[in-house]
Amino acid sequence: MKIVLIGFMGSGKSRIGRQLAARLGWTHHDTDDMISKQVGIPVGDIIRQKGEAAFREVEKNAVSLVSLSDRSVISTGGGVPLNPSNMSELSKDAMIIWLKVSPETALKRAGNIKSRPLIDPNDPIGSIRKRMAERNPIYERAAQHTIESDNMESDHVVDKIMTLIPGRA
Ligand code: S3P
């Protein structure tokens, strides 16, 4: 069984994934961390230096690898659900949870936008709104559960996810 967290940049997938895995005593995998370890530079630099298409290829390989794991929590990069084959691999014996946030929360939590090549530094909130409007229907279709986590502490989000896992409430 796997718990797969999807959602926009800054939705808390990495932090919540780490906390949830610790709570369950399961392994935590973070596709962005795997990729940056493998390539040796941060994911933002990979996109900037090699282009988004090249990054998506490496990301696909990371997804295939973590899809084989069991008793694991997987924090995905925000673009993982854009490729349907990623989601069909990740969905096997898995619960997919969308951490939904507003554009304002995404911007607040995204950290240094210089490290985020997919956010336009001249119009951060506008570019987030646009990309989020394109992606939300994809996240919605891919997920079995949605947690609106704008005003929720990460602990509380983890509590809520625990109630969704059979036998773990
Ligand atoms: C991306 C999100 C990032 C990272 C890359 C592309 C995206 O991950 O994978 O910069 O397309 O939304 P986080 O969602 O973990 O920030």
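Here the structure is a predicted model, which is why all the values come from computation and not from measurement. Ligands are counted one by one from 1 in listed order, and the atoms in each one are counted from 1 as well.
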What atoms of ligand 1 come within less than 4.0 Å of a heavy atom belonging to G79?
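What qualifies from ligand 1 is 7 (C), 11 (O), 12 (O).
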Please indicate whether any nitrogen or oxygen in [X] is less than 3.5 Å from any nitrogen or oxygen in ligand 1.
| X | value |
| --- | --- |
| S14 | no |
| G78 | yes |
| E52 | no |

Does ligand 1 have any atom sitting under 4.0 Å from a heavy atom of R56?
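Yes, that is the case, since the closest heavy atom of the residue is under 4.0 Å from the ligand.
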Taking a cutoff of less than 4.0 Å between a non-hydrogen atom of the residue and any ligand atom, is R131 in contact with ligand 1?
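No; R131 lies far enough from ligand 1 that no heavy-atom distance drops under 4.0 Å.
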[atom]: the protein heavy-atom neighbour that sits closest, reported with distance to 0.1 Å:
| atom | value |
| --- | --- |
| atom 6 (C) of ligand 1 | L118 CD1, 3.7 Å |
| atom 12 (O) of ligand 1 | R135 NH1, 2.6 Å |
| atom 16 (O) of ligand 1 | R116 NH1, 2.5 Å |
| atom 13 (P) of ligand 1 | D32 OD2, 3.5 Å |
| atom 14 (O) of ligand 1 | K13 NZ, 2.6 Å |

Taking it one step at a time, do T105 and S102 satisfy side chain to side chain donor-acceptor pair (under 3.5 Å)?
CA-CA 5 Å; T105 302; S102 66; 3.1 Å; yes
From the options I47, I46, L5, select the one whose nearest heavy atom is closest to atom 10 (O) of ligand 1.
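Checking each option, the heavy atom nearest atom 10 (O) of ligand 1 is found in I47.
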Assess whether atom CD of E134 is packed by more than 12 heavy atoms of other residues, nucleotides or ligands within 6.0 Å.
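Enclosed: over 12 neighbouring heavy atoms sit under 6.0 Å from CD of E134.
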Is R109 atom CZ crowded by more than 12 heavy atoms from other residues, nucleotides or ligands, each under 6.0 Å away?
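Yes, the 6.0 Å shell around CZ holds more than 12 heavy atoms from other groups.
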Heavy atoms, side chains only, cut-off 4.5 Å: are [X] and [Y] in contact?
| X | Y | value |
| --- | --- | --- |
| I147 | W98 | no |
| F8 | L99 | no |
| M1 | I3 | yes |
| I96 | S91 | yes |

I'd like to know if the side chain of R71 reaches the main chain of K2, judged simply by a donor and an acceptor atom lying under 3.5 Å from each other, with no hydrogens or angles considered.
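Not a single qualifying donor-acceptor pair exists.
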